[in-house]
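All residue numbers refer to positions in the sequence shown, counting from 1.
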Amino acid sequence: MNPVNVREFIAGTPFNRFHAGMLFWSCFIITFDMYDLVVYGSVLPVLMEEWSLGPVAAGAIGSYGIFGMMVGAILFGILADRLGRTRVLTLSVVLFSVASALCGFAPNPEVFSVLRFIGGLGIGGILPCLIAMLTDYAPRNRANTLVAVVMCFFSVGGILAAFVSMLALPVFGWQSVYWVAALPLLFLPLMTRYFLDSPASLLEQGKTAELRSALGKVNPTAVPAQDATFTVSQAKEPGSPVTALFRNRRALGTLMIWVAFFMCLLMINGLTTWLPKLMVEAGYALNSSLTFMVVLNVGAIIGTLVLGKLSDKWGVKRVLVPMFVVSAVSLTLLGFGSNMAVLLLLVAVTGACTMGAQNISYSFVAQYYPSSIRSTAIGLASGVGRMGAILGPTFGGVLLTLSLPVEMNFLFFAIPGLIAALAFFFVPLGRKGTPKDALQGADAGSPVAEPR
C-alpha cells in the first residue's frame with residue numbers, strides 16, 4: 001500500500017467546514033485574548049479612585065499583564081512542542097479566562113496584580129499554539145490568509161472591551177467587566193473539537209490513530225484507511241526545540257527574526273501609546289488626534305487582510321520587507337504633513353504597514369521552521385518582541401522629554417521600521433532552484449525556500 005504523505009494530504013484538501021470551524025474558534029479565542037489584555041484601561045480610572053492608586057502604581061499593574069504575556073509566550077510555546085498543542089492551548093484558554101474573571105473578585109491591588117500576571121501567562125500561550133495549528137492544517141496557499149483573518153480579531157477584542165465597559169461599568173460596576181472574561185470557558189467543549197496537535201509530532205510519537213482521526217477531520221471525504229501508513233517530509237529533530245532553532249542553517253534567520261520582532265513591537269506599542277500626543281504637539285486638537293488612532297487601527301485591519309492574501313500569492317518575505325520600508329517612509333512624512341486628508345491617508349498606510357505587517361510576521365515564523373518546533377519558534381519570537389513592546393512607550397516618552405521638533409519625533413519612530421525591514425531581508429531563505437512552495441503545508445520548516 002502506498003503511504004500517505006501527510007503534507008500533501010493536508011495541502012490538497014479544499015477549505016471546508018472543519019477549516020471554517022477552526023478559524024471561527026481561533027477568532028473567538030483571539031477576541032477574548034485581546035479583551036482580557038486591554039479591558040484594564042477601561043476600568044483604570046475607577047480602580048485608581050477606589051484603591052487610591054497613583055499613576056506609577058497603576059502603570060505597574062498594567063505592566064504585569066504584558067510581562068506575563070512575555071513569559072507565557074516563551075514558556076507555553078516550548079511546552080506546546082513537548083506536550084502537544086491541544087493540551088497547552090486548552091490550558092492557556094482556561095488560565096486567561098479564570099484569572100481575568102477572578103480579577104472581578106480581587107479585594108486589593110496586590111491580588112489583582114497577581115491575577116493580571118497569571119492571565120498574561122495564558123494570553124501569551126495562545127498565539128504560539130493557534131498560529132502553529134492553523135499553519136499545520138491550512139490548505140495550500142491559504143495559511144497566510146487564515147492567520148491574517150485571525151490576527152484582525154485582536155482589534156475586535158479591543159472594540160469589544162470598549163463596548164462592554166461602556167454598557168456594564170456604569171450599571172454593574174467594574175467587576176462585571178471582568179466577569180465577562182469567563183465566557184470562553186462555556187464554549188471550551190466546542191472549541192476543543194477543533195484543537196489538533198502537530199501531525200509530525202503525532203507520527204513521531206507513534207500516535208497513528210490520532211493522526212488518522214485528525215486527517216479525517218480535515219478531509220472527511222478522504223479519510224485514510226485503517227491500515228494506511230504515513231510519511232512526513234521532515235523527521236523530528238533531536239534535542240531541545242530551543243537549540244533546534246539554531247541548527248540546520250537557521251541561526252542567522254532566528255536572530256534576524258528576533259531583531260525584527262523586537263523592533264516591530266517597539267515601534268507599534270510606542271506609536272499607539274504616543275500618536276495622539278504627537279499629533280497634539282504638531283498642532284492638532286485632541287479630538288482630531290484620537291481620530292488618527294481610529295484610522296490607524298482600521299488601516300491595520302485592512303492591511304492585515306490584504307497583506308495576508310498577497311503573501312499567499314508572492315511569499316511572505318517579499319511582502320514584509322517593502323511594507324516595513326513603506327511604514328518608515330509614511331511615518332517620516334507624518335511629521336511634515338499639514339493637509340488633513342493626506343495625514344489620514346498616511347496614518348492608514350502606517351497602520352497597514354506596521355501593525356498589519358507585524359501580524360503577517362507571525363505567519364512567516366510559522367512557515368520558516370519545522371512543524372515539530374513551530375510553537376517554540378513563535379513563542380520565543382513573540383517573547384522577544386514583547387520586550388520591545390515594553391520598551392516602546394518608554395522610548396516615546398524619552399523622545400518627548402527631549403523637546404525635539406515634531407519631524408524628528410516621527411523620524412525616530414520610523415527607524416525601528418527600517419531596522420525590521422533589514423532584519424527580515426537578511427533572513428536566509430533558500431538556494432537557487434528550490435521550489436517556492438517547499439514550506440507550504442504540515443511539514444514546512446527548513447529555511448530553504450520562500451515561506452508562502
Below 4.5 Å, heavy atoms only, C-beta onward: do [X] and [Y] meet side chain to side chain?
X: Tyr40; Y: Leu47; answer: yes
X: Ile301; Y: Val298; answer: no
X: Ile257; Y: Val365; answer: yes
X: Asp33; Y: Phe154; answer: yes
X: Leu331; Y: Leu334; answer: yes
X: Ile360; Y: Leu320; answer: yes
X: Phe412; Y: Ile415; answer: yes
X: Val71; Y: Phe67; answer: yes

How many angstroms lie between [atom1] in [X] and [atom2] in [Y], if you round to the nearest 0.5 Å?
X: Ile78; Y: Leu380; atom1: CD1; atom2: CG; value: 5.0 Å
X: Leu391; Y: Met263; atom1: CG; atom2: CE; value: 9.0 Å
X: Met151; Y: Ser26; atom1: CE; atom2: OG; value: 11.5 Å
X: Lys313; Y: Thr145; atom1: NZ; atom2: OG1; value: 12.0 Å
X: Met323; Y: Ser311; atom1: CE; atom2: OG; value: 9.5 Å
X: Phe96; Y: Arg116; atom1: CZ; atom2: CZ; value: 13.5 Å

Look at Asp197 together with Arg87 and state whether they make a salt bridge at an N to O cut-off of under 4.0 Å. no
Lys/Arg-Asp/Glu bridge criterion (N-O < 4.0 Å) met for Arg374, Asp81: no
Evaluation steps, side chain to side chain contact (heavy atoms under 4.5 Å, CB included), between Leu95 and Phe76: CA-CA 12 Å; Leu95 262 185; Phe76 288 136; 3.7 Å; yes
Check the pair Asp312 / Asn141 against side-chain hydrogen bond (donor to acceptor under 3.5 Å, both in side chains), numbers first and verdict last. CA-CA 5 Å; Asp312 278 330; Asn141 295 334; over 6 Å; no
Side chain to side chain contact (heavy atoms under 4.5 Å, CB included) between Phe112 and Asn108: does it pass, once the steps are laid out? CA-CA 6 Å; Phe112 187 87; Asn108 53 56; over 6 Å; no
Quick one: does any side-chain atom of [X] pair with a main-chain N or O of [Y] as donor and acceptor, under 3.5 Å?
X: Asn248; Y: Arg250; value: no
X: Ser92; Y: Val88; value: yes
X: His19; Y: Tyr137; value: yes
X: Thr243; Y: Ser240; value: yes
X: Arg85; Y: Phe195; value: no
X: Lys317; Y: Phe425; value: yes
X: Thr254; Y: Leu245; value: yes
X: Thr135; Y: Ala366; value: no
X: Asn359; Y: Thr304; value: no
X: Ser327; Y: Phe324; value: yes

Quiz question: by atom type and distance under 3.5 Å, do the side chains of Ser372 and Ser201 form a donor-acceptor pair? no
Tell me yes or no: between the side chains of Ser100 and Asp36, is some donor less than 3.5 Å from an acceptor? yes
List the steps and the verdict of side chain to side chain contact (heavy atoms under 4.5 Å, CB included) for Ile131 and Ser363. CA-CA 7 Å; Ile131 293 179; Ser363 185; 5.6 Å; no
Which pair of heavy atoms, one from [X] and one from [Y], lies closest together, and at what distance?
X: Met355; Y: Ala300; result: CB-CB, 3.6 Å
X: Ala420; Y: Cys264; result: CB-SG, 3.8 Å
X: Leu115; Y: Ala99; result: O-CB, 3.6 Å
X: Ala181; Y: Pro184; result: O-CD, 3.1 Å
X: Ile378; Y: Pro128; result: CG2-CA, 3.6 Å
X: Gly356; Y: Leu307; result: C-CD1, 3.9 Å

Got more than 12 heavy atoms from elsewhere within 6.0 Å of CZ, Phe15? yes
Taking the six-membered ring for Trp, are Phe28 and Phe153 closer than 6.0 Å centroid to centroid? no
By ring pair (Phe, Tyr, Trp, His ring centres under 6.0 Å), Phe261 pairs with (sequence neighbours left out) Tyr362
Which label fits Phe395 and Phe413: parallel for a plane angle under 30°, tilted from 30 to 60°, or perpendicular past 60°? perpendicular
Does anything in residues 171-185 pair up under side-chain hydrogen bond (donor to acceptor under 3.5 Å, both in side chains), and if so which pairs, sequence neighbours excluded? Glu50-Trp174
Does any pair with a residue in residues 147-173 pass side-chain hydrogen bond (donor to acceptor under 3.5 Å, both in side chains), and if so which ones, sequence neighbours excluded? Ser42-Ser165
Which is it for Ser330 and Thr350 under the side-chain hydrogen bond (donor to acceptor under 3.5 Å, both in side chains) test, yes or no, and what are the steps along the way? CA-CA 6 Å; Ser330 60; Thr350 298; 3.0 Å; yes
Stepwise, does the side chain to side chain contact (heavy atoms under 4.5 Å, CB included) test hold for Val316 with Phe424? CA-CA 10 Å; Val316 194; Phe424 276 123; over 6 Å; no
